[in-house]
Amino acid sequence: MSDKILFMLSRIQHVLSSHVKQKLKNKGIALSPGQIGILLALENRRETTMGELSMTLKMDNAAASRLVDKLEKQGLVERFINPDDRRQIKIRLTESGLGQAGITRQ
């Protein structure tokens, strides 16, 4: 792919992302599109591992972990040790997170 096409795609992605963030802000939703993606993914599954979450959202583990950190600080998700495999950390929605996921779908 040529550099010009890559540059144009990058600009389109930036404009689209800015537009979505503004629409969310106008609705009073103080979450990023990535954070909303995590809430909606967890809404369907209720709980998952970081690896499964990363694969579902097609993002690397570090990016998913940063987003989960922010959601955890807001009380929307929580991490816990998998009782079946104590080496594994799982993530689940809190009641507040479930409510916020419902708001973002509207």
Side-chain angles (χ1 to χ4, degrees):
M1 203 176 293
S2 75
D3 289 344
K4 185 174 183 178
I5 292 172
L6 289 174
F7 174 75
M8 295 301 288
L9 288 172
S10 175
R11 293 296 307 144
I12 291 167
Q13 187 227 358
H14 176 73
V15 169
L16 182 59
S17 179
S18 295
H19 177 75
V20 168
K21 287 177 185 177
Q22 187 60 48
K23 290 289 185 182
L24 293 171
K25 184 178 178 182
N26 291 346
K27 287 187 170 191
I29 299 171
L31 298 171
S32 72
Q35 291 170 323
I36 291 170
I38 289 174
L39 293 181
L40 295 176
L42 288 172
E43 182 183 36
N44 293 331
R45 292 186 178 180
R46 291 306 205 151
E47 62 184 49
T48 190
T49 65
M50 285 299 296
E52 291 168 344
L53 184 63
S54 296
M55 287 186 346
T56 298
L57 298 174
K58 308 282 190 262
M59 65 175 57
D60 63 61
N61 288 338
S65 186
R66 283 190 300 274
L67 292 171
V68 168
D69 286 345
K70 290 177 182 178
L71 291 169
E72 192 173 31
K73 286 178 185 172
Q74 295 177 53
L76 301 176
V77 300
E78 60 187 1
R79 287 183 171 110
F80 65 99
I81 295 173
N82 182 353
D84 298 326
D85 182 353
R86 298 194 50 77
R87 299 168 294 172
Q88 192 176 57
I89 303 293
K90 288 188 143 189
I91 302 105
R92 68 176 153 224
L93 280 176
T94 62
E95 288 300 316
S96 295
L98 186 58
Q100 190 69 41
I103 290 170
T104 61
R105 275 188 283 100
Q106 298 175 358

Residue pair I91, I38: steps toward the side-chain contact (heavy atoms from CB on, under 4.5 Å) verdict = CA-CA 10 Å; I91 302 105; I38 289 174; 5.7 Å; no
Going through the checks in order, is the side-chain contact (heavy atoms from CB on, under 4.5 Å) test met by Q35 and L76?
-> CA-CA 10 Å; Q35 291 170 323; L76 301 176; over 6 Å; no
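Between the CD1 atom of I81 and the CD1 atom of I89 there is a distance of 5.0 Å, given to the nearest 0.5 Å. Taken to the nearest 0.5 Å, the CD1 atom of I36 stands 7.5 Å off from the CD atom of Q100. Atom-to-atom distance recorded for E43:CD and L93:CG is 7.0 Å, nearest 0.5 angstrom.
Taking all atoms of both residues into account, the shortest heavy-atom contact from R45 to T56 is NH2-OG1, 3.0 Å. Across every non-hydrogen atom of L57 and G37, the tightest pair is CD2-O, 3.8 Å. Shortest non-hydrogen contact noted between K90 and E47 is NZ-OE2, 3.4 Å. The heavy-atom pair separating V20 from P33 by the smallest distance is CG1-CG, 3.7 Å.
Under the 4.5 Å side-chain criterion, counting only non-hydrogen atoms from C-beta, K25 is not in contact with K21.
The side chain to side chain contact (heavy atoms under 4.5 Å, CB included) test with V77 singles out one residue from L42, L53, L98, and that residue is L42.
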Could you tabulate the donor-acceptor pairs under 3.5 Å formed by side-chain atoms of residues 61-71, not counting sequence neighbours?
{"from": "N61", "atom 1": "OD1", "to": "S54", "atom 2": "OG", "distance (Å)": "2.7"}
{"from": "D69", "atom 1": "OD1", "to": "R79", "atom 2": "NH1", "distance (Å)": "2.8"}
{"from": "D69", "atom 1": "OD1", "to": "R79", "atom 2": "NH2", "distance (Å)": "2.9"}

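Counting non-hydrogen atoms of neighbouring residues, nucleotides and ligands closer than 6.0 angstrom, the CD atom of Q22 exceeds 12 such neighbours.
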